[in-house]
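The next block holds one structure in the form of structure tokens; read it before the comments.
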Protein chains: 2
Amino acid sequence: MTTTADRAGSPSSTEGLRRRNTSIVLRSLRQLGPATRAELAKRTGLAKATVGVIVAGLEAVGAVSESESVVTGRGRPGTPVALSGERYLGLGLELNVDYVAVAVLDLAGEVRLSATRPVDSSGDVEALLALAAWARREVTGHGEVLVSGTVAVPGLVRGDNRTIDWAPNIGLSGDGLVADVERVLGCPVRVLNDANCAAYAEAHHGAATDTDHALYLTGTVGIGAGIVDGGELMRGAVGFAGEVGHMPIGDSTALCGCGRRGCWEASIGLHAVLAKVGLPELDTPLATATSVAAAAAFDARVAGALDTVGRDVGLGLAMLTSVLDPAVVVLGGYFVPLGELVLGPAREALDARLASPSQHRPELRLSTLGIEAAAIGAAEQSFSDVFSGALDLA
Amino acid sequence: MTTTADRAGSPSSTEGLRRRNTSIVLRSLRQLGPATRAELAKRTGLAKATVGVIVAGLEAVGAVSESESVVTGRGRPGTPVALSGERYLGLGLELNVDYVAVAVLDLAGEVRLSATRPVDSSGDVEALLALAAWARREVTGHGEVLVSGTVAVPGLVRGDNRTIDWAPNIGLSGDGLVADVERVLGCPVRVLNDANCAAYAEAHHGAATDTDHALYLTGTVGIGAGIVDGGELMRGAVGFAGEVGHMPIGDSTALCGCGRRGCWEASIGLHAVLAKVGLPELDTPLATATSVAAAAAFDARVAGALDTVGRDVGLGLAMLTSVLDPAVVVLGGYFVPLGELVLGPAREALDARLASPSQHRPELRLSTLGIEAAAIGAAEQSFSDVFSGALDLA
DNA sequence: GACTTTCGTTTGAGACTCGTACTTAATAGT
DNA sequence: ACTATTAAGTACGAGTCTCAAACGAAAGTC
């Protein structure tokens with residue numbers, strides 16, 4: 001259990017104590033919504049006086065703002081305090097094979113801007129930087145402060161959240177990307193795995209806001225998963241957790257792009273579906289999936305193929321559920337247009353495999369965030385230092 | 001993301017701050033071993049003076065003790081401080097189908113006592129209580145303090161660590177067990193899943209002390225896994241994480257005790273092995289496995305069967321590794337006597353399935369703790385409140 | 001209009017950490 | 001043998017923070 005020095009939380013000084021208590025107040029406001037100071041004191045367990053001091057400090061730096069007093073009943077009415085979207089922004093970027101995306105969130109959790117641009121060459125860093133620069137110009141200029149930026153990439157990122165170890169799809173490695181984006185944004189930047197970002201987005205903004213234990217499964221050509229356990233992302237020893245595309249599931253004879261047979265994504269990846277239904281690939285995975293869904297309405301062969309895919313999805317989810325025990329599973333990527341065509345058979349297969357007593361089936365849902373999920377999750381992650389207490393808002 | 005109130009760490013007051021810093025010192029002593037006050041200050045980042053105060057407090061309650069000054073080089077020699085095993089004890093119990101076990105650890109991490117008793121009726125609570133009472137008498141009486149107790153059970157335990165939701169093998173539910181054991185031990189008691197306890201034991205005392213990301217796989221008739229991620233146990237939404245025995249892996253025609261076909265434990269569980277090799281089941285799983293291992297030395301059919309089992313183990317581990325990305329996988333239970341007979345083919349199968357670039361294979365190791373792994377892990381868990389700072393010693 | 005209830009702030013006390021200065025105890029050098 | 005040097009541990013004063021209780025403010029209730 002050799003950990004890097006003594007991490008595990010280091011408040012130490014009284015100043016650290018204040019930072020921590022401040023972050024507790026901030027998290028309470030984010031999770032449970034606006035509240036009066038008295039209400040916050042009850043929620044956090046802090047003394048009324050302490051909450052007063054903390055809120056005053058947060059208000060001074062523009063992190064929270066008071067709204068109008070609301071009369072609740074007897075007694076002096078309280079003045080609710082809410083996270084303010086005026087000043088602090090978090091920026092998320094996604095660098096993917098066929099597109100780049102950006103999203104900007106404010107501290108109140110509102111999406112202030114989001115955009116996607118198709119790119120021709122895979123891993124087009126120039127396009128990403130241009131998009132980042134544009135977004136930055138777009139949202140700043142009236143006193144807004146960019147807290148930090150996060151780039152979501154389809155690949156393996158080291159634990160320092162800076163170094164890309166392996167990202168064959170975009171052909172990048174090292175920490176050059178971080179440096180480039182930092183230069184453009186002028187604030188600290190980190191890099192994270194795209195599926196993890198999307199999972200985080202669904203857990204905080206999307207289809208799984210009501211649970212601490214969510215599994216996000218996304219698919220286009222490849223299949224990836226993001227795991228949220230106890231509200232936090234699970235990374236694994238080297239950041240490889242959730243790389244489920246090459247698990248041996250489904251048709252054991254199906255040839256995968258990795259050269260082996262029987263990989264899950266060879267059964268449920270987009271190319272596998274297209275091969276089964278005999279339809280062509282369109283511009284984007286989403287367009288392709290939409291056309292497949294449309295075809296299924298009148299072509300029984302297509303519907304049947306999707307049924308098979310759904311069963312293989314359910315089979316894999318049974319496996320993942322046995323291991324991870326999530327309360328909610330969110331399907332994203334090209335599964336969204338297919339909707340119930342895949343979800344239905346997946347549920348059936350999952351139920352058949354999960355019949356062990358008392359093991360309840362996790363809820364299967366579709367992503368509500370669409371293609372910008374990863375960018376939104378990245379933006380959300382940009383606030384992680386604020387809410388964890390690691391960063392003191394100036 | 002509705003969490004139960006605002007948990008996530010609540011030091012709040014200055015007293016909480018001291019508790020937290022105290023726990024940082026304690027963890028440093030546990031993880032990195034004894035050190036002088038100056039060394040501790042460097043390791044923890046606390047001021048020298050603060051460490052002095054904290055150590056004085058810990059020494060006053062008998063949690064740490066000084067050893068002889070060691071001359072290191074120039075300058076005044078320091079007096080190393082180490083966790084003291086004199087005073088505080090943690091007790092772990094295991095209630096299983098065919099045996100009950102107990103282990104007592106002191107704060108220094110030494111196993112002060114461990115014992116196993118076979119039982120006739122499955123889930124023999126009386127035997128467990130008798131063993132607990134005996135162990136308590138055995139280790140206390142000279143000023144020792146039982147910090148808390150932990151019971152490992154083969155089943156599903158609710159997040160309150162008290163209520164058993166589902167444990168068909170021992171036929172218990174509710175929080176009656178906790179109350180009984182608390183009465184006998186006279187200290188707070190919690191209940192945890194046995195595989196989780198064993199995993200925790202291996203991560204802290206056994207074969208995986210060198211990593212924060214370990215997967216523990218144990219098997220007798222059933223197969224279970226414990227997941228340690230970032231040094232902490234992963235529980236899942238309802239405590240079901242790691243229930244991997246019924247994942248569809250291996251021989252898809254094999255009939256499982258649960259009534260379905262294709263479950264992993266129908267391929268690699270003890271009964272499956274016995275059926276393949278045609279050998280009888282002996283008194284205990286370990287004795288049985290030992291006799292199978294002996295038979296494999298001269299019976300090629302047995303060796304071949306074990307090879308098949310090993311491959312199915314490797315196949316499942318490939319799946320788990322893809323999801324969890326552990327640095328170390330520890331095999332326990334009946335796999336220990338079989339040793340390389342299973343480990344070898346498992347490694348091969350795992351390698352074949354993990355060939356994706358840059359994904360390194362986790363190290364496969366055998367449990368070093370034997371049948372008392374779960375009890376030892378339970379005892380270790382009994383100290384969790386001390387090391388987390390939740391409990392202030394005396 | 002007096003009373004009650006609740007919100008938020010003020011105030012003084014208490015607890016803790018930190019940096020500096022000081023004491024102690026060893027080695028290194030002459 | 002004696003001094004200089006190095007490092008460990010302690011004492012002390014300053015600073016920061018939280019907390020409980022008291023207090024003032026703003027509403028409803030009788």
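Within every chain, numbering begins at 1; the chains are lettered A, B, ... in the order of the sequence lines, protein sequences first and strands thereafter.
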Checklist entry - According to a strict under-4.0 Å criterion, is B/Thr36 in side-chain N/O contact with OP1 or OP2 of D/dG9? => result yes
Item to check | pair B/Val51-B/Glu39: side-chain heavy atoms closer than 4.5 Å | outcome: no
Item to check | Short side-chain N/O contact to C/dG8 OP1/OP2 from A/Thr79, under 4.0 Å | outcome: yes
Taking only N/O atoms, report every protein-nucleotides 24-27 of chain C pair under 3.5 Å with atom names and distance.
from   : atom 1 : to      : atom 2 : distance (Å)
C/dT24 : O2     : B/Arg76 : NH1    : 3.2
C/dA25 : N3     : B/Arg76 : N      : 3.4

Next on the checklist: Using 0.5 Å steps for rounding, measure from the NE2 atom of B/His204 to the CZ atom of B/Phe387.
Outcome noted: 8.5 Å
Checklist outcome for this item: Rounded to whole Å, the CZ-P distance (B/Arg18 to C/dC18) equals 14 Å
Checklist entry - Nearest-Å distance, CG (B/Leu40) to P (C/dC18)? => result 14 Å
Item to check | Between CG on residue B/Leu146 and CG on residue B/Leu91, distance to nearest 0.5 Å | outcome: 5.5 Å
Checklist entry - Less than 4.5 Å apart, any side-chain heavy atom of B/Glu144 and any of B/Val139? => result no
Next on the checklist: I need the CD-P distance between A/Glu66 and C/dC7, as an integer number of Å.
Outcome noted: 15 Å
Next on the checklist: I need the B/Thr22 OG1 to B/Leu46 CG distance, nearest 0.5 Å.
Outcome noted: 9.0 Å
Checklist outcome for this item: Rounded to whole Å, CZ of B/Arg20 lies from C1' of C/dA15 at a distance of 17 Å
Checklist entry - For B/Gly90 and B/Ser382, which heavy atoms make the closest approach, and how far apart are they? => result CA-CB, 3.9 Å
Checklist outcome for this item: dist B/Arg19:CZ -> B/Ser13:OG (nearest 0.5 Å) comes out at 7.5 Å
Checklist entry - About how many Å separate CD1 of B/Ile376 and OG1 of B/Thr150, when rounded to the nearest 0.5 Å? => result 13.5 Å
Next on the checklist: In whole Å, I'd like the distance from the CZ atom of A/Arg19 to the C1' atom of D/dT16.
Outcome noted: 14 Å
Next on the checklist: For C/dC16 and B/Asn21 - does any side-chain N or O of the residue sit under 4.0 Å from the phosphate oxygens OP1/OP2?
Outcome noted: no
Checklist entry - Is any side-chain N of the basic residue among A/Glu66 and A/Arg37 closer than 4.0 Å to the acidic one's carboxylate O? => result yes
Next on the checklist: From the set C/dC18, D/dC17, C/dG8, return the single nucleotide nearest to any side-chain atom of B/Leu46.
Outcome noted: C/dC18
Item to check | Interface residues of residues 47-65 of chain A with DNA chain D (non-hydrogen, below 4.0 angstrom) | outcome: A/Ala47, A/Ala49, A/Thr50
Checklist entry - Roughly, in whole Å, what's the span from CZ in B/Arg37 to C1' in D/dA11? => result 15 Å
